[in-house]
Amino acid sequence: DAGITQSPRHKVTETGTPVTLRCHQTENHRYMYWYRQDPGHGLRLIHYSYGVKDTDKGEVSDGYSVSRSKTEDFLLTLESATSSQTSVYFCASRQDSTDTQYFGPGTRLTVL
Amino acid sequence: AQSVTQLGSHVSVSEGALVLLRCNYSSSVPPYLFWYVQYPNQGLQLLLKYTSAATLVKGINGFEAEFKKSETSFHLTKPSAHMSDAAEYFCAVSRTGGGNKLTFGTGTQLKVEL
């Protein structure tokens, strides 16, 4: 499996504050993804990246931005957190040779 | 556009019984199909995948799935359930190009009873 870590693993914050979640991979994968998981919805794609400084929107991108300044790091930012962004966030990276995405352990975010 | 439907948000089986989790997909191009498993408070782990080779795909932990184009299905099976199989299972579809994005079903929670 790809070495993917996420930080922090848990975070509680207040409405209106900025939040940044970090994803780090050690496999030199070109593609990286951010998903959110909510009951009854499965996982939904927020943003993805296909290279350094190359990103695109996913299905539920409103209220989120991303940045990728290095191959190994993909940051997800909530500029002004809202209660509707309370969720579990998963990062993934894709192994080109096998067309397979590998997932990090997740970050549980609570917005009060 | 692509989509996945998982029939049954909760499935309960007895230990030793057949496990059958259903997945139907919609895709405008030949799809790649995946099953992932999620244990409580953990990330997603790949069980198996179909990428246009053999239609019967074997995965880890004794699971397998069969790709049936005529039925647009990719159901997950295991002949004999074990207590350790209790988890949530997600079916997902992707296609080459377009960011190779995965579209997930809403998940099926598998409960295994003694």
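In what follows, every heavy atom counts, from backbone to side chain, and hydrogens, waters and symmetry copies are set aside. Naming convention: chains lettered A, B, ... in sequence-line order (proteins, then strands); numbering from 1 in each chain.
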Notebook entry, point to check: Side chain, backbone, both or neither: which part of Leu46(B) has a non-hydrogen atom closer than 4.5 Å to chain A?
Noted result: side chain

Check: With a 3.5 Å cut-off and no angle check, do the side chains of Asp38(A) and Ser87(A) form a donor-acceptor pair?
Finding: yes

Check: Which pair of heavy atoms, one from Arg22(A) and one from Trp34(A), lies closest together, and at what distance?
Finding: C-CZ2, 3.9 Å

Margin query: Hydrogens and angles aside, do Thr20(A) and Thr77(A) bring a side-chain donor and acceptor to less than 3.5 Å of each other?
Written below: yes

Next item on the list: Specify whether Phe104(B) and Tyr36(B) have parallel, tilted or perpendicular ring planes, treating 30° as the upper limit for parallel and 60° as the lower limit for perpendicular.
Entry: tilted

Notebook entry, point to check: Which answer fits Ser49(A), side chain, backbone, both or neither, if we ask what part of it has an atom under 4.5 Å from a heavy atom of chain B?
Noted result: neither

Next item on the list: Select one option (side chain, backbone, both, neither) describing which atoms of Gln6(B) are under 4.5 Å from chain A's heavy atoms.
Entry: neither

Item checked: chain B contact via Arg108(A) - which portion, at a heavy-atom distance below 4.5 Å -> side chain

Next item on the list: Please state whether the side chain, the backbone, both or neither of Tyr33(A) comes within less than 4.5 Å of a heavy atom of chain B.
Entry: side chain

Notebook entry, point to check: So which part of Leu45(A) gets closer than 4.5 Å to some heavy atom of chain B, the side chain, the backbone, both or neither?
Noted result: side chain

Checklist line | Contact summary for Ser3(B) and Val93(B), nearest pair of heavy atoms | finding: O-CG1, 4.0 Å

Next item on the list: Give the ring-plane orientation class for Phe90(A) versus Phe103(A), where under 30° counts as parallel, over 60° as perpendicular and anything between as tilted.
Entry: perpendicular

Next item on the list: Heavy-atom distances under 4.5 Å only: say whether Glu59(A) touches chain B with side chain, backbone, both or neither.
Entry: neither

